[in-house]
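First up is the structure itself, then whatever we jot down about it.
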Amino acid sequence: MHKQVPFVVRFHTRLFQIIGCCDVSWQTQPREKRLAEQRLVAWTVLVLLIYSFVFINTFVHPSAFLFTSESFGYFVDALKVCIAYVTVAIIYAETVLRRHALQHFWQRYALLNPASNQQVESTKIDWRSQLRAYHRFLYVFYGITVFDLILEIIYYVMRAKDDHMLQFLLMFTPYTYMIHLRNMQIIFHIVIINHELVKLRHDIGLLAEYTRFTRSTMPFVGFEDFVRQKLAEKQLIYQHIYEMCDYFQQALGISTIAVLLMTYVRLVVDAYFTLYSFHTKTHPEYIENLLLLPAYLEIPALLLTSQKCMNEVKFIAFELHNIRSSVDNSLISIQIQNFSLQILHQKIRIDGLGISALDGKMLVSIVGSITTYMVFFIQFMPKFKNL
Amino acid sequence: MSSNKVKPSPIQRHHNGLNQFLRQPPTHNSIFKDMRITLCVLKATGLLPIYEEVSSYEVGPPTKPKIYYSFFIRGVVQTFTLFNLYNLVTPGSTGQLFYSYSDTDNVNKWIEYLLCMLSHSATVIICGRNSKLFIKILNEILKVDEDVFDRFRETLKNKCGFSLKYIVGICICQWYLIVLRVLAVKDTLNVNSYIFLFIYAVQNGMATIFIVFTAALLRILKMRFAHINTTLKGYTYSEQHKLRRIPGRDRDVITMDSFPEESLFIYRLHNKLLRIYRSINDCCSLILVAYMGYAFYTITTTTYNLFVQITTQRLSFNVLQTCFVWLAMHTCVLALLSKNCGQATDEANGTSQVLARVYGASKDHQNIVDKFLTKSIKQEVQFTAYGFFIIDNSTLFKIFSAVTTYLVILIQFKQLEDSKMEDDWSKL
Amino acid sequence: MAHQTVQPILVHFGTLFTFCKLLGLYPHDLQAFRGIHTLQSSKIGTAIVVVTMLAVVVLYNLLIYFFSSEDHDLKASQSTLTFVIGIFLTYIGLGMMITDQLSALRNQSKTGELYERIRAVDEQLLKENVYVDISKTAKNILLMIVLTVVSELIILISTYITLVDLTDWKSILWLFSCFPTLYNSLDKIWFANTLSALKQRFFVINTALEDMVESHERLKRWTENGGDGGGQIFRRPSIANVSIDPSLEYLYKELTHMEAVKAYNMARNKISPIAHSLNSFGDALETPKKPYKYTSQPPTFNMVYESELNKDIEKVEEKLNNLCQLHDEICEIGKLVNELWSYPILVLMAYGFLIFTAQLYFLYCATQGQAIPSLFRSAKSATITTIFLSYTAGKCIYLIYLSWKTSLESKRTGICLHKCGVVADNNLLYEIVNHLSLKLLNHSVDFSACGFFTLDMETLYGVSGGITSYLIILIQFNLAAQQAKDASNAAETNYNTMLTTEAGNTTALMDYFTTTFMPYAQTDLY
Amino acid sequence: MGQRLRKRISNILLRVTVVSSICFGLLPFYYNKQQQRFVSSKPLLIYKTCINVTFFILMTFLLSLFIEFDDAFGAGDPLAELLNRLTIYISFGDVLITWWINWTSRQRLQQLFNEFASIEIDYLYRYKYFTDECATFDYYVFWKVFATLLQNLSFFYSTTVTNNHGWLFIIFMFLLALLTNIIFHVSTHFFLAVLFTYRFIWVLNRRLASMAGNEVSSSRLRVLSIEIDNIAYIYTRLIRLCAHYTRIHQYQLLLLFGSMTLCNIEVLFYVRLLWSGKVNELNAFNVFAILQIVVVNILDFWLTITICEQALVTSQKTVEILRGFNENPKYLIDVERSLEGFAIICSNTKLRFNLCGLFDINHSSGLNFLLTMILYLIYLIQYYHENL
């Protein structure tokens with residue numbers, strides 16, 4: 001399975017294995033495979049243990065890490081940390097428990113791009129094509145990560161001395177990175193599915209082109225039959241993609257919701273602290289508040305990517321209906337009907353746990369509720385003192 | 001298989017249909033049997049044209065004098081509305097109607113009157129514009145009845161008895177409200193206020209009665225659709241199994257041989273009914289929007305008043321009664337409307353589900369089924385209020401969850417006022 | 001006759017039924033159940049149920065009366081809002097229990113019919129030689145009962161010991177505070193298990209379809225590996241693909257300049273590539289023959305590897321038809337279940353929503369050291385509140401989750417059907433699959449509470465959003481009330497009052513704004 | 001009015017719109033008669049570039065100049081001022097984005113127009129009489145032009161109402177009017193695109209209905225199936241086209257709606273301020289001068305919303321007409337096949353105008369917009385309750 005996977009995918013999967021949230025190995029021999037998986041699982045559990053130790057340590061002496069000067073602030077801060085820990089725990093648990101689904105996902109992927117024994121020089125072109133294929137993911141991933149790192153460095157350089165904030169960050173930043181990476185992993189899988197869909201759409205578009213072309217000129221004998229056959233193969237491919245999407249949801253569904261929730265809570269809480277700092281101090285240092293700018297990018301990145309992926313299916317339907325069959329041959333029309341019924345049945349709909357389809361509407365609702373709570377905080381800021 | 005859930009199979013219906021036919025030939029068409037009074041009221045108030053009954057299955061356009069009569073009535077009503085509007089904007093004339101405690105309540109009451117006028121005049125104007133359309137709808141329904149009668153020898157019954165009850169209830173409510181209102185005001189009212197109240201009640205009544213009429217129309221449609229579905233049920237696989245089990249019945253009526261032409265007839269009927277449904281929706285949707293907005297606002301303010309009454313210590317039974325009457329009336333009418341819309345829509349969409357249970361042995365039967373099913377994938381009809389929102393069973397629920405939210409806003413206005421009063425006192 | 005072979009699912013409901021009989025929840029006939037495992041309506045059972053119901057109602061009211069003697073100061077001290085909420089919520093539990101029992105009385109006959117139909121479905125499935133394994137049901141039921149009883153007892157006893165003064169003999173009445181929820185949970189256990197039974201039936205049908213797919217694929221694989229002729233036939237497509245690729249790429253470049261509105265008058269300038277690619281496709285033309293070979297092969301393969309999809313098309317059609325009919329029958333049963341339990345489910349959901357909000361609100365009040373209604377005294381300790389809330393929420397969420405899963409399972413049937421169609425690439429089969437999948441699109445089983453809202457995860461999302469926003473509203477009302485009280489004492493705090501009330505407005509309004517955008521029930525109205 | 005007159009007027013109006021948008025440098029191409037398609041021309045392109053540059057310079061100048069002016073109402077209220085600033089900035093941003101998108105996607109725009117033209121050529125020229133019958137089309141054109149004129153009028157009216165008449169101010173206002181007209185033009189383009197889609201679908205429906213209605217002789221059945229295939233093909237092209245131009249216009253529309261909503265809130269709030277007697281002069285004239293802005297805005301907004309709704313409703317009607325084919329038993333099998341294909345297309349790909357995937361344009365979301373507006377108004381009023 002190793003060779004047919006493009007290097008971009010391979011590299012990033014390796015990365016996710018290193019941070020311990022991807023427990024599948026691509027060994028072909030069952031024995032090595034089992035060994036590798038055991039190693040990965042052990043590593044995941046170890047990381048989880050480290051995180052839980054940090055968590056416990058945080059609550060053993062909260063005054064060192066948390067914001068304790070005001071009751072509501074303390075509540076919110078503790079809430080943030082707890083949810084972060086719970087999210088990380090969920091992520092790792094899912095990684096360990098649902099690794100077979102992920103395995104199936106990659107198997108389907110391997111089915112979709114069979115080992116093409118091409119000569120070496122073609123791999124040169126491969127580089128660029130792969131980069132183009134996954135550019136969206138690459139932009140999102142490296143963009144956000146680098147942005148975040150830069151901000152961290154700036155903060156570290158410009159921070160005030162003996163800063164209480166730093167301790168907190170030392171405790172909290174690993175969580176945020178963990179969740180960020182998981183989010184990126186989810187986006188990565190979605191992008192892979194999206195890429196497959198694009199390929200399928202493009203092929204069907206070609207078929208449509210041919211049929212339209214044969215409207216004007218006489219095709220070779222058995223052309224209709226050939227098109228029908230191609231369509232059947234495309235149907236098989238679509239079904240594989242659907243299964244990929246299904247396994248993806250089984251493997252990462254819960255943590256999708258968890259990550260969204262965690263990011264949401266973090267945004268709300270940090271908004272509270274921003275307002276608080278503006279409310280108490282006359283000249284607050286902005287750099288602390290700048291630290292959560294990358295977090296604002298996480299949710300749109302995920303939601304818009306999945307929306308794009310879901311829209312792709314519509315275009316497939318378009319292309320499909322552009323395939324014209326000559327009137328007397330009903331086989332192709334039966335095939336097309338079957339395909340569109342299949343699309344109707346096998347909906348590619350990315351929703352974590354069926355909570356809500358991850359698309360723009362969810363984005364709107366999230367933004368709306370964040371504004372709600374910010375206004376709530378603005379209005380209640382003076383009252384929290386005696387609360 | 002359980003037998004007590006399914007409707008009587010077509011054979012029996014054929015038989016009793018036949019008996020009915022033998023007993024009495026259909027002299028009167030059944031629409032007007034049980035909603036005659038509703039129609040009379042609507043005709044009298046000029047909302048519906050006063051049509052002729054040409055034959056038992058057709059109504060003709062109204063004659064000239066009757067058209068003039070409807071015009072006249074509408075004009076009178078509209079002038080009264082203008083009068084009310086004038087009274088409303090000139091504070092002096094009906095000032096003593098706004099007796100309430102706080103500023104907010106008065107504003108609410110004012111807006112309520114305004115909305116009532118709005119919905120009523122919307123009803124009148126739209127009815128006046130669509131009078132031909134209404135006659136067309138009635139004719140089409142009658143045509144459907146005729147076809148059904150020719151085919152099955154039976155007159156469909158439409159359970160529209162509720163409309164009469166509702167109308168009586170509404171009238172009683174209105175009178176009761178007038179009385180309560182008059183009693184509520186301390187000093188003696190001037191004539192303007194009396195007229196104002198009376199016209200207000202009339203407007204309310206007419207707007208509401210029209211909604212009841214719409215509900216009745218939908219109920220009629222629902223019965224037709226239901227009849228289609230029961231007829232189709234005879235061909236579903238479960239029925240076929242049962243027939244195979246039960247020996248000694250004449251199969252010829254019910255076996256699949258009769259399916260093609262039966263299905264043809266049924267498709268035709270279904271299309272007709274869908275067209276009627278659509279045209280009813282087009283006629284009434286703006287009226288529905290206006291009325292629902294009005295009812296929603298009224299319910300909200302009434303609940304708010306109730307809340308104030310409960311929370312404050314001074315409890316006046318007059319206001320309590322008023323609130324309860326308002327709530328009861330509007331809630332019942334809204335519930336009626338949404339229930340009927342939901343039922344009609346479900347039946348209309350249920351046809352494809354029933355048809356999906358027909359398993360034709362031969363290819364052409366399957367094709368007949370497919371022909372219908374392909375055209376009804378993800379194409380459920382909806383009864384929308386001018387595209388603003390869908391009216392079905394859940395509408396009432398949505399309305400009440402919206403009422404709570406608005407209630408909160410109102411209560412906070414009240415809090416603002418109280419705090420402001422305290423503020424002024426502390427300043428004094 | 002198949003009656004012996006399938007064993008009615010009610011056999012496993014024995015413990016639950018006896019327990020319900022013990023508490024007087026279900027009116028059905030005990031002997032009939034013991035004997036022939038059917039639910040038959042009985043007069044005595046009805047009488048017993050009515051009597052127990054009345055007794056519980058009376059005792060519960062006594063309890064309320066006794067404990068509300070402590071509440072007299074509440075109305076004076078607290079904001080009327082708290083008082084009203086308390087009074088209102090006290091009776092919801094009772095109303096829930098009454099609804100359950102009344103609907104149980106109403107549906108006496110239908111319930112038996114329901115299980116009868118399930119048994120009939122099992123027989124049919126057995127005719128399709130699909131066996132439904134219902135052995136786990138008993139264990140599940142036992143587990144649920146144990147969970148329910150344990151959590152009820154924990155809540156009851158801990159509250160009783162910590163928060164009720166044991167000196168007064170009347171405090172024994174507190175025992176009755178747990179009855180409504182207990183009855184409700186038992187009733188819901190019936191619902192849940194019936195639902196999961198349906199889910200299992202759906203699952204069985206899907207697995208039957210997938211087995212056909214499996215066997216056919218195995219057959220294909222066998223023919224690919226074995227049989228020297230298969231070899232180069234299967235090497236062909238890859239070569240063909242290689243030869244195609246460049247032209248594909250070229251066309252791709254041609255096409256990707258323009259997306260959605262693409263290639264209007266492109267035919268002219270693309271003749272050459274298409275022609276080129278066409279004859280490059282031309283030699284790939286042997287590929288299509290491949291699956292025909294196996295599907296239309298004489299049964300020489302079938303001796304070795306059995307695939308139903310290769311048999312004569314009538315048999316396959318027969319089988320698929322039967323499966324679809326069974327699917328439809330199960331959908332009908334699902335509708336019946338939904339209709340039988342619609343009111344209890346609705347009341348349960350309302351109860352969950354209100355109680356969740358109220359308990360949290362009272363918890364807040366308790367932390368602020370304000371008096372709370374005496375029946376919600378469990379809100380005084382955070383741990384009991386947590387247990388109670390998790391118990392209630394678990395009940396609601398499990399039901400929602402289960403019905404969601406069931407409808408998902410029923411939708412999967414169409415997917416599996418299409419798998420069959422795609423795997424055995426055969427034109428006759430395609431027509432059958434089209435026909436049946438059209439039918440399946442119209443088989444709808446969606447669980448809704450009286451048509452108000454469907455029971456699926458989206459509703460859960462909306463409800464959680466609603467709970468938070470209403471909690472905020474309540475809390476800020478409470479703050480406003482407190483402020484007003486202070487203001488009445490001291491005049492100079494008016495300013496704060498102003499602030500608070502403004503706060504109130506903004507939150508409520510913005511909350512309204514969010515709920516406008518949230519996928520909450522009321523979204524469509526705005 | 002007479003059909004021919006109606007047609008002529010609407011045609012004139014359409015031509016005027018195209019010409020004026022060319023003058024504004026929005027469309028660098030013109031309609032070529034003999035090729036029957038839109039061709040881009042070098043001089044137009046150059047003209048477009050230079051006029052855009054001049055406009056850009058103008059706008060920077062205006063923006064720098066605008067900072068001097070305090071808020072137009074002089075309510076002396078910080079929040080109103082903030083709102084005012086926000087409105088202005090958003091509309092400036094709208095203009096900027098409009099230019100940017102116009103520049104980047106001019107080819108796509110040209111394809112868009114050409115696609116419309118080619119659909120006309122491919123199929124619809126046969127049914128000229130249907131096209132002429134579509135009265136709604138012309139009336140909506142009139143309405144839109146009327147609304148745009150009203151917008152301009154109200155703009156100048158509100159400038160004359162405000163009391164300070166420095167020449168600088170006058171120039172400023174005129175230039176501002178120019179810039180705002182660019183936005184109006186873009187919205188008009190979207191409107192017209194939707195309108196054309198609506199008319200196409202309407203004609204298709206008419207054609208289908210006539211096919212479903214009359215009995216066809218068995219000789220024409222083959223032709224019938226071919227034509228149904230054609231119609232289905234045109235339908236898919238239309239839907240794809242609609243998705244395309246929605247994607248082109250989405251950001252501009254979003255910003256337009258946003259600025260419209262903000263402006264309305266601001267104006268209504270200002271009316272409330274007037275009522276509260278915070279600002280001394282309150283007369284009917286003044287109130288009218290304020291309210292007409294709201295009315296015109298809402299009229300313009302609602303036109304856009306309602307034409308989208310019209311298109312949606314018409315495309316839903318198609319399926320009902322297809323149902324009408326059920327009533328005729330004796331079609332050949334291939335007619336049935338093409339009908340089923342068309343039905344499946346309809347169920348698979350529905351017409352929708354989706355802005356950035358955030359929300360669709362139809363009546364319900366229009367209602368949402370209005371309600372949000374009222375909501376924020378209430379919020380402002382409550383916020384200022386104690387000093388009103």
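The chains referred to below are lettered A, B, ... by the order of the sequence lines, with proteins before strands, and numbering in each begins at 1.
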Sort A:Q235 into side chain, backbone, both or neither according to what part of it lies under 4.5 angstrom from a heavy atom of chain C.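 Both parts, backbone and side chain.
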
Is it the side chain or the backbone of A:Y242 that comes within 4.5 Å of chain C heavy atoms, both, or neither?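 Just the side chain, heavy atoms under 4.5 Å.
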
Relative to chain A, which segment of C:L460 carries a heavy atom at a distance below 4.5 Å: side chain, backbone, both, or neither?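 Neither part.
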
Against chain A, label C:D456 side chain, backbone, both or neither, depending on which of its atoms sit under 4.5 Å from a heavy atom there.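 Contact with chain A: none, neither part.
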
Should A:D351 and A:R349 be marked as a salt bridge (charged side-chain N to carboxylate O under 4.0 Å, His left out) after you check the CA-CA gap, both sets of side-chain angles, and the distance that decides it? CA-CA 6 Å; A:D351 50 356; A:R349 180 171 181 274; 2.3 Å; yes

Identify which of C:L441, C:T413, C:L438 forms the greatest number of heavy-atom pairs closer than 4.5 Å to chain A. C:L441

Taking C:L440, C:I415, C:L417, C:T367 one by one, which has the highest count of heavy-atom pairs under 4.5 Å against chain A?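 Looking at each option in turn, the highest pair count goes to C:I415.
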
Can you list everything that forms a salt bridge (Lys or Arg N to Asp or Glu O under 4.0 Å) with C:K411? Sequence neighbours excluded, please.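 With neighbours one apart ignored, the set is empty.
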
Main-chain N/O of A:Q346 paired to A:Y238 side chain as donor or acceptor, under 3.5 Å: yes

Let's test your reading of the structure: which of A:N338, A:I366, A:L344, A:L353 forms the most heavy-atom pairs below 4.5 Å with chain C?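 Most pairs with chain C among the choices: A:N338.
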
How about A:N311 and A:K314: does a side-chain donor come under 3.5 Å of a side-chain acceptor?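 Indeed, the side chains of A:N311 and A:K314 share at least one donor-acceptor pair under 3.5 Å.
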
Short side-chain donor-acceptor distance under 3.5 Å, C:Y430 and A:Q335: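 Yes, side-chain donor-acceptor contact under 3.5 Å.
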
Does the distance from a Lys or Arg side-chain N to an Asp or Glu carboxylate O, for A:R228 and C:D425, drop under 4.0 Å? yes

